[in-house]
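All values derive from a computational prediction rather than experimental measurement. Letters A, B, ... are given to chains in the order of the sequence lines, protein chains preceding strands, and every chain is numbered from 1. Computed over heavy atoms, backbone and side chain alike; hydrogens, waters and symmetry mates excluded.
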Amino acid sequence: MKKLYDILSLQFELADFESKRSDLAFCKVKASQAISLLTHLRDIHGYTHLVMLTCVDWLEDKQFQLTYLLHNYATKTDLGILVFIDRDHPVMDSLHHLWKQGRVYQRELHEMFGIDFPGSPGVEEPMILEGWQGPPPMRRDFDTKAYSDETYSHRPRVQNEPEQHMKEQLYSED
Amino acid sequence: MVNPMIILAMFLLAAFATALIDKLSRMLAIGTMYVVFALAAGLGAWQLYFLQSMPDAQTMVYSAGFPAPLSIALRFGVVEAFLITLMNLFGLLGGVYLFKRFKEHGAGAIALYLAMLLGANGLVLTRDIFNSFVFMEILSISSYALIGLKQTKNSLIAGIKYMLAGGLASALFLIGVIFVYRFTGTLNIDTWIAMGNIPSAAYLVALFMVAIGVFIELKPFPANGWALDLYQSADSGLAAIIASVQTGAMLFLFYKLLPLFIPEMLNIFAGAGLVSFVFANLIALRQKDAKRLLAYSSTAQSGLLVFVIAALYLLKLPDTIILVIALGLFFTNFFAKAGLFWLAGIVKQDNLSAWGVLKKDSGLLIIFGVFVIGLMGFPPFPAFFAKWHLVHIFTATKAWIWLAGLLLGSLLEVGYLMRWLGFAVKQEHPGELSKSFSKMLAPMISAIFLTTASFFLIKLYPGLGAFNVYPLMALLLFGLVDYAPAKLKGAIAIGVLSYWAWFMLLPSLPLMGQVFAVILVGGSIAQLFAFMRYNGAAEGFFPFLTMLVFSFGSLITASTTMELFIAWELMTLASYMLILRGKKAKDAALLYIVFSTFGAYLLLFGLSLMPSTYPGYPLILQAGFLSIGWVAALFATGGFLIKMGALGVHYWLPSAYAEADDETTSILSSVLSKAGVFGLLLILMMISSYVKSNSLSMIALGWLGVFTAFIGALMAARQEDAKLLLAYSSMSQLGYIVVGLSLMSHLGWVSALYMAVNHLFFKALIFMAMASVFLRTGTRNMYEMGGLIKKMPIAFISVLMGIIAVSGVPPLSGFGSKWFIYTSLLEQGRYLQAGLVFFSSAIAFLYLYKLIHTVFLGQAKPNQSHVKEAPIWLIIPQGIFIMAIMAISMFPNLITKPLSQAVGNYIAKPDWLSWDGYNIVLNSPALHGNWNGNLVMYVTMGVFIIPLLWLLLVNAKTQKVKQFNIVFAAERPYKPETTHYAYNMFAHYFKALGFWVEPRATAFYQGVSEWTHSISATLARIYTGNGQTYILHIFLYMITLYLLLGVR
Amino acid sequence: MNDINDTIIPEPVPEYPDWRKDAKTLTNAGLSEEEQDWFCDARPQPAKKSWQVMENFLNWARSNSLWILAFGTGCGAIELRPLITARYDISRLGMQPRPTPRQASVFMIGGYVSIKTLKRIVRSYEQMQGPKFVVAVCSCAINGGMYWDSYNTVKRIDEYIPVDVYVTGCMPRPEAVLAGFSKLKELIKGGKAEGQNLYAEKFDWYKENQKRVIKDWNMPDYNW
Amino acid sequence: MSITLKLIWAFISLGVVTVWGLTLNGIVQKIFARVQGRLGPPVWQPFIDIIKNNAKRTAITHGIMFYLGPVFRIAGGIGTYMFIPVIFGSVYFSNFSMSGDVLLVMYFIFFGQLGMALGAGEGGHPYSAVAVSRGLAQMTAFEVPFALSVISLVAQYGTLNITEIIAAQQGGFLQWTLFTNPLAVIAAMISMLGMNMYNPFSVVIAPQEIPIGPPTEYHSSFLGMLATNRGIFAGAKLILFMNLFFGGATNLFSLMLKTFWIYMFSVFVGAAYPRFRTEDSIRFFLKYPTAIGIISILLFTL
C-alpha cells in the first residue's frame, strides 16, 4: 500500500498516509485533484469498485470530510481517499461518470449535509426527506431535539409511583 | 363504295399544296391538314356504313383498272375501313395536339405529318408487297424527319438510331421481297397466298426476311433498344402517333402476310411476341421514367399483338375471331397508349413519382385512370373481352405455355401500371401542368371515345345481362355528381341501392342468392350511412361505393362465367379505388390489386375450364346441377381464397385493411371478403357431385382454413395497431368459414354461412365503433388510447357486443357460429381440426381483450380529454348491427332456418337435424347435441339480473372515483401513459409461442419481389444506349430466330 | 394477558371544531390543475350503522374475519411474519394478510413512522374500505420510542389516523400482538371500534395534523 | 315440470352448490394449513368472509363496467352451473341443462372471465391488466387439453349431451370415462390444475407481485360476490368433471364424495408444487397434456 502511495505521490499531492491494516489504508488528497486521482485509481490501479462515499462533519474545523472508499478485486485491498472541503461552501466535483451508483451517495450527502455535487443527475431530488424545509439534518449544528419538539407533539407523559400504581392495578378492590 | 385512291390522292395533294398554302396563311395550311384527316376518317366511316348495308360488295380496287399482276391492288374492306377511320381520327387528334409545333415549323412539318399518315393509310390499304415497302419507307422517313424537328441532342441521336434500325429492317424486307418475287413472279400478296407454300429452302429464307423486316419494325424485345430511345426522346405527341398509328399499320401489314407463313414460322413469331410481351413488362416494372415506361409498355403491347395474331392463326381459327380479338386489344391499346403519351406531354414530368401533379386537374386524372385501367384489360374495355376469349381459346387448345405467358405478362403489366396510377393519385407534387386546349383535346376525346365504345360494347355484348351495366352506370352517374355534398349523395345512394336491392335484386334470386344478397348488398347499404359523416363532397367515395355494391349484385346474379368474372373484376377495381383513397394507401393498394389480379387470373383460368352455363338463370341456381373438373375447381378456389386472405396469400390483407379509410375497411372486411365466400361456395357446389367431406382435397382445405384461423388469431394478438389487429382477426374468422365450407355437408355449409352473416354483423360493428375512435383520437395505436369508455360509451358498447359475439361467448350469436362449427366438424369426425379451431378461438380472447382494454379501459390519456362521441352517422350503422345481433341471438331461428333451407337446396337437410321450437337438435349417429339460443338468452338474463339487483341493494351508495384513485402500492401514479398496461400486452405469450408468428409469408413475397426486380434490372442492362449495339442486337435477334426456325 | 405486554386503548382525540361538516367536496389544493381531473374530490362522510341486532351480527362477522394490510411500515412489521407461521397461526382466528388495502380491514402500523412513511400510511389508510381498524405496534408508534428526539419521526400516530389498539413493547412479542388483536376483536364486537367514522367526523383536524408534518402534499386531500 | 317449479328447484340446487362449493373452499384452506403444520381457519371461514365483505360500509366504483364486472363473473358462474345437469336421473337437479350441450358449458365459462377481465380493466390498475393478460394467456393454453379430451369423449360416446355422456358411464365404476378413456381424463385433469389456479399455475393471482391478480381493486360487496362465485364456480366445474369423467352422480351424497376427491387432486398438487411462470405454464400445457389429448383422440378414431 505504501508503495502505491509513493507511486501516486509522484503525480498527486497526497498526504497523511495511514495504513490501518495490511489491506486497508487511507490518505488525504486535495479536493481539486480528488476526481482525477479516483479516475487514475480506477483505470490504472484496478480499484474498480466504489464501496462507499460518506461524509464527516468537522464542525470545529469548519470542514466536511468526504471519504471515498475503493476496493481492488485483484489485490483484495481497500483504499480510502479523504477529501476535505470547506463547510461554508460545500461543493465537490461529482463522480457519477465514474461509478453510476455514485449519484445515489451524492444525492444522500446533498440531502443530509447540504453538499452540492454540480452535474450529478437527480442530486436535488429528495431521498427520504420528502418536502424537507429545514437545514440539512445531519449537520452537527442542527439541533434535532429542538426541531422535533417544535414540529411533533409528544404524548403527555403520565408518571406513576410504581408501588402505588401496581397496588392500584392489582389490588384495586381493596 | 369509296375508291381508296381518293384518300391517298388527297393526302398527296394536301402535302404538296401545303407549301403553297403555308405561304398564304399558316393557319389555313394547318386547317387544310385537319380537313384532310377529317375527310379521310369520314370516308373510312362511310365505307364501313356502306359495307354494312352491302356485305357482298367488291372491296378490291385495282389502280389503273388492270388486274393484279399488272397493277397495284388496294383493298378497302371492313377491317381496312375501320383502321382507316381510326388512324385518321388519330391523325386529326395528334395533329391538334401538335398544333404548336406545326405553327412553329410550318409547311415542312405539316407535309411530313401528312406523309406519315399517308404511309400509314397506304400500308393498310395496299395488297402489293413492293408497294408496302414504299409506304413503309414513306412512313419511316417522314418519322425520322419529324423526330429531327425537335432539335434536341437526344432526339437527334434517337432519330439516327431509328433510321439505322429502320433502314436495316427495310433492307431485309426489300431483299426478301426480291427473292420471293424470284419464286412467285408477282408482287401481289393475294396471288402469293393463292400459290400456297413453295417447297424451297431459299423461298423460306426469303419469306423469313420479309417477315423479319416487318417484325423488327414492330420493336420486339430485345431488339428494340432504338425504339425505346425514340419513344423517350421524341416529342410526346409524335411518340403517341408512332406508338399507335405506325404500330397499327405495321401490325396490319404483318397480319396481311400471315397466310404466307409456314406453321414453324408462326410458332417462332408467336413465341417471340410473347417473350417480348413478358420481358418488356418485366423490365417496365422497375422503370422510374414515365416515357421510358411507356416505351417498354408499347413494346410489350405490340409483342402481345404479334403473339396473338400469330398464335391464333396457328391454331387455325377463323379470320373473324382473330380479327375481333386482335382489334379488341388493338383498339384499347391504340387509344390508351396514345393517350398516355399525350398525357406525358401535358404532365411534362419524367419521374413517375412526379405524376402527382395530375391531381391538380381531376378531369385529367380521370382520363389517366381510364387509359391505365383500359390498358390493363379490365372490363368493360375491349381488351378485357379479347383477353377473356384468348384465355378460353388457349385453354380449349391446351396451349398452356402461351396461356401462362399471357397471364404472367398481364400480371406484370398490372404491377407497373397500378404503381403509376398510385403515384398519380397519392403522391403530392408541386409541379405544374402544361395545359392548353389543343393538348387537352386529344386525350379527352380518346378517353371519351374509349369509354363510350366500351360502354356500348358491354351493353351490346351477346349474353351479358343488364346487371353488368349497373356498376358502370353508377360509377358514371355518381362520378358526375361527385361535387355534391356527401350527405346528399349518401342519401341518394342508400335510396337507390335499397330500391334496387328490394325490387330488382332479391326477387330475381333463389334463396341462397338472397342470403348472399343480404350479406353483400344489405351489409354494404347499412354501412353507407357512415360515409355520410363527411362534411363537404368527400370526392371519390360514392362513385366507387355504389359501383362496388352494384357489382356485388351482378356477382350474385351472374348467369354465365363471363358475367361472374366481369362482376368480379369490377368489384376488384372499385375496391381498389376505395382502398387507394386512404391517406397512406399507395403501397397497400398496389399490393391489393396485384394479389387480386393474380387471384383473378387464377379464377379466369379456372372459369375457362368450366362448361357452358345457361344464360338467364343465376349461377347460384345452376350450381346445384353443374359439375366441373377438379383443375377448374382448384384454380378458381385459389382465386377466391386470395380474396378471402387465406394463409399464405394473406400478405395483402393487413396492409390493405389498415391503410384504407376506416369506413372502407369496414366494408372490405365485413362485406367484400364474403364475395370470396360466395365464389368458393359456388365452386364447391359444382364439385359436390364427386368431392365429399372425406376427400383428401377437402380435408386439406379444412386444414388450410384451420391454420388460417390459428395464425390469423396469433398475429392479431401481436398487433399494436387496432386496424391491423382487426384485419388479422378478419383473416382468422374467414378461416372458420373456409373450414365450414370444406365440410361439404349440410351442417358444415350452414355453419359457414352462419359465420359469414355473423362476421358481417360483428366485424362491421367493431370497425364502425373503432372508426369513430380513430376519428376522435386521431391515432390507430391502441397503446396511445385508454379509458375511452367514459368519453365514448356508445362505441364501447358496440365493441363490447362485438367482442362478445366474436369470441363466441353465449348468449350472443357468436356462440351459435362456434356451436355450428364444432358440431359440424365433430359430426364429420374431424376431431383434430376441431381441436385447433378451439385453440384459435381461445386465442381470440387475447386480441379481443387487448382491443377493448387498451382502447376503452385502463387509464385515460390527458391528450384525449377532449374526445367525445362520434357523429350520428357512425352510430346509425352500429345501431343497426347491434339490433341485428340481438335479434339473431334472441331468436336464432330467424337465421338458422332460412340458412338450412337455402343449403338444403344443394345438400339435402339430414333427418337428424331438427328444430324443436328454438331448440336445434342434432341426432346424427356420429354426434348428439343441441342448442337453444332463446333459452340460453333468458337464463343468462336471469342469472345476470339477480346478482345485479343484489349488488344494487347492498352496494347502493358507492363513491364514484377517478382514474388515479387506485391502489398503487402505497404510492400514487403520476402519468397515465406509464400506468396504462397496453404495449406488447402478451409478451409472455409470444415468448412461448413466438415461432408460430415469424413473418414467413412476408419474407417469401419480399423475396419474390426482390428477385423480380433484380431479374428486370439485369435484363435492362442490354440497353446500352449505343446505336451500333442496337444494330448488333437486331442481327443477333434475327439469327437466333432463324436458327430457332430450324428450316434446312 | 400480562402486565409487561400491555395493550393501550388510546384516549379520545381532543374536541375540535368541525367547521366544514356540510361540505361535500375537498379542494385538493396539493394537486396541479391537470391532476385535479385524475383524483376524486369527494369528502368522506361518516357511515351509518344498521339496526342494532343486525349490527351485532355483522360486527361478529367483522371481528372473525380480520384481513390485515400487510404493509411493513417499521421494524415491528417483522412481528407479523411469526404470526402467520405454524407456531402462532392467526389464520385459525380468521385473520389473513391481504396484499391490497382495498380488501383489508386492519391496518397494522409496525413501529416507528417517519414522515415519508406517514404519507404512505395515510394514503393506504384512506384507500381501505370501512369499517377499518388500526393496530399500532411498538413503542415508537405510541410515543416515539427510541426516536423520541428524531427530526423525521412522528411521535404519536393517533394524531394522524385514528388508532384502535396500541401494542407496547420494543419490539412486542408475537403473543403481545395477538393479544392486541384479541382486544381489537372485543372492541369490534362491542361496537367501539369506529375509527372510520371518527376520521370522517374529525377529518379536518386529522388533515391539518397530517399537513403540518407532510410538507410536500402532492396528493388529494382524501385518497379514495 | 312447470317453469315456476323449475325455477324454484334451480334456486335450491344453486343454494346447495354454493354451500358445498364454499365448504370445499374452506376444507381446502384447512388442508393447506395442515400441510404447513398449522391449525388453519375454520371450515366455515369463507362464509364469514363473505358476510364481512358484504357488510362493508363503504365502496368505491371506477365506472359502470367496474361495477358490472363481478356481476358478469357470478353470472358466468351461476350460468355455467345452470347449464349442467347436477344429479343424473333427477328432474329436480337438472337445472336448465336442456338449453345446450357441453359446448355451451365450455363457452359459458368464458362469460364470467371476460366480464371480470373487463371490470378489472376499468379499474385502471396496471396490475389488474397484467394479471388478466397472464390469465388469458394461460387460459388459452389450458383449455386446449380440456377441449381435446372433450373431443375425445365425443369420439368415444358420439354425443355432446352431458346427460347422455353420464348415461353412457352407468353400470359400475369400470364404465367411467376414467377407466374407459384414461388418457382423456389425464389430459382433462391436468388442465383442471390450470383452471383452479392453484400451484403450479397460480401466477395469475400471484399475491405478492401483483396483489391477488385481476381483483386488485375489488373490495366490499364486489369482493363478496367474487368470493361467492368461487364457491359456485368451483362446484360447477367439479360437477362438470364428475359428469364427464367420473360417471356423474345419482344422489347428493355421491356428488359430494366425488367432487370432493376430484377437487383434492388439484389441492394436493397445489400444496406440493412451486409456481410456473406464465410462458412456462403455456409451454407445459401445450406439450404433455395436449399430446396426451391428441393421442386419446387418435386412439378412438383409428
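Neither the backbone nor the side chain of D:F142 comes within less than 4.5 Å of any heavy atom of chain B. Of the two parts of D:L286, only the side chain, counted from C-beta on, holds a non-hydrogen atom closer than 4.5 Å to a non-hydrogen atom of chain B. Interface remark: D:F66 contributes no atoms to any contact with chain B (heavy atom separation under 4.5 Å). Contact of D:L104 with chain B is made through backbone and side chain together, with heavy-atom distances under 4.5 Å. If you measure heavy-atom distances from B:K960 to chain D, the contacts under 4.5 Å come from both the backbone and the side chain. For chain B, the nearby parts of D:L118 are the backbone and the side chain; heavy atoms of each come within less than 4.5 Å. Contacts of B:L948 with chain D are made by both backbone and side-chain atoms, with heavy-atom separations under 4.5 Å. Contact of D:V150 with chain B is not made at all, since no heavy-atom distance falls under 4.5 Å. With a 4.5 angstrom heavy-atom cutoff, B:S807 touches chain D via backbone and side-chain atoms both. Heavy-atom distances place both the backbone and the side chain of B:N955 under 4.5 Å from chain D. With a threshold of 4.5 angstrom between heavy atoms, B:K962 approaches chain D through N, CA, C or O but not through any side-chain atom. At a 4.5 Å heavy-atom cutoff, D:L14 makes no contact with chain B through either its backbone or its side chain. B:L993 touches chain D through its side chain: at least one heavy atom from C-beta onward sits under 4.5 Å away, while N, CA, C and O do not. For a residue to count as touching a neighbouring chain, one of its non-hydrogen atoms must lie under 4.5 Å from one of that chain's; by this rule B:F986 touches chain D with the side chain only. B:I789 touches chain D through its side chain: at least one heavy atom from C-beta onward sits under 4.5 Å away, while N, CA, C and O do not. Both the backbone and the side chain of D:F72 come within less than 4.5 Å of a heavy atom in chain B. Contacts between D:Y67 and chain B at a heavy-atom distance below 4.5 Å involve backbone atoms as well as side-chain atoms. Both the backbone and the side chain of B:A834 come within contact range of chain D, with heavy atoms under 4.5 Å apart. Both the backbone and the side chain of B:L952 come within contact range of chain D, judged by heavy atoms closer than 4.5 Å. For D:S221, the parts lying under 4.5 angstrom from a heavy atom of chain B are both the backbone and the side chain. Using a 4.5 Å cut-off between heavy atoms, D:L148 touches chain B through its side chain atoms alone. Of the atoms belonging to B:I945, not a single heavy atom falls under 4.5 Å from chain D. The contact between B:F815 and chain D is made entirely by side chain atoms (from C-beta outward), counting heavy-atom distances below 4.5 Å. Contact of D:E122 with chain B is made through backbone and side chain together, with heavy-atom distances under 4.5 Å. Contacts of B:H853 with chain D are made by side-chain atoms alone, with heavy-atom separations under 4.5 Å and no backbone atom involved.
Ranked by heavy-atom pairs shorter than 4.5 Å toward chain D, the options B:F990, B:F839, B:F964, B:Y918 are led by B:F839. The residue among B:N919, B:N965, B:V936 with the most heavy atom pairs within less than 4.5 Å of chain D is B:V936. Top candidate by heavy-atom pairs under 4.5 Å with chain D, chosen from B:W950, B:Y831, B:W819, is B:Y831. Counting heavy-atom pairs closer than 4.5 Å to chain D, the top residue among B:L800, B:L857, B:N932 is B:L857. When the candidates B:M985, B:E827, B:H980, B:K818 are compared by the number of heavy-atom contacts under 4.5 Å with chain D, B:K818 comes out ahead.
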*Show your working on side-chain contact (heavy atoms from CB on, under 4.5 Å) between B:L951 and D:M225 and close with a plain yes or no.*
CA-CA 8 Å; B:L951 200 55; D:M225 197 163 258; 4.2 Å; yes
*Should B:T940 and D:F108 be marked as a side-chain contact (heavy atoms from CB on, under 4.5 Å) after you check the CA-CA gap, both sets of side-chain angles, and the distance that decides it?*
CA-CA 9 Å; B:T940 312; D:F108 210 83; 3.5 Å; yes
*Take D:T61 and B:V961, measure what side-chain contact (heavy atoms from CB on, under 4.5 Å) needs, and give me the verdict at the end.*
CA-CA 6 Å; D:T61 170; B:V961 297; over 6 Å; no
*Are D:R277 and B:H988 close enough, and set up right, to give a side-chain contact (heavy atoms from CB on, under 4.5 Å), and what steps lead you there?*
CA-CA 9 Å; D:R277 287 192 308 181; B:H988 40 69; over 6 Å; no
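The side-chain heavy atoms of D:I294 and B:L832, taken from C-beta on, include a pair separated by under 4.5 Å. At a threshold of 4.5 Å between non-hydrogen side-chain atoms, the residues B:F944 and D:L68 count as touching. Side-chain contact check for B:T823 versus D:L160: some heavy-atom pair is nearer than 4.5 Å. Between D:M82 and B:V943 the shortest side-chain heavy-atom distance falls below 4.5 Å. Contact annotation: the side chain of D:E279 never approaches that of B:Y989 to less than 4.5 Å [non-hydrogen atoms, C-beta and beyond].
Using the six-membered ring where Trp is involved, B:F838 and D:F110 have ring planes that are tilted, between 30° and 60° apart. Between D:Y107 and B:Y822, the two ring planes are tilted [angle within 30° to 60°].
Between D:F111 and B:P810, the closest heavy-atom pair is CD1-O, 3.2 Å. Here the closest heavy-atom approach between residue B:H928 and residue D:E164 is recorded as ND1-OE1, 2.8 Å. In terms of heavy-atom proximity, B:F796 sits nearest to D:M65 at CZ-SD, 3.7 Å. Between D:I78 and B:P947, the shortest heavy-atom distance links the atoms CD1-CG, 4.3 Å. Residues D:S133 and B:Y981 come closest through the heavy atom pair OG-OH, 3.5 Å. The minimum heavy-atom distance between D:G123 and B:I966, with the atom names listed, is O-CG2, 3.2 Å.
In this structure a side-chain-to-backbone donor-acceptor pair under 3.5 Å is present from B:Y849 to D:A117. In this structure a side-chain-to-backbone donor-acceptor pair under 3.5 Å is present from D:E217 to B:V967. The backbone N or O of D:M98 lies less than 3.5 Å from a partner atom in the side chain of B:N930, making a donor-acceptor pair. Side-chain atoms of D:R283 come within 3.5 Å of backbone N or O of B:K991 as a donor-acceptor pair.
Within the model, atoms CD1 of D:I60 and OG1 of B:T958 stand 9.0 Å from one another, a figure rounded to the nearest 0.5 Å. Separation of atoms OH (B:Y938) and CZ (D:F96) is listed at 13.0 Å; rounding is to 0.5 Å. Note that the NE2 atom of D:H125 and the CD atom of B:Q859 stand 9.5 Å from one another [nearest 0.5 Å]. Separation of atoms CG (B:L846) and OG1 (D:T140) is listed at 5.0 Å; rounding is to 0.5 Å.
When the shell of 6.0 Å around CZ of D:R230 is examined, it contains 12 or fewer heavy atoms from other residues, nucleotides or ligands.
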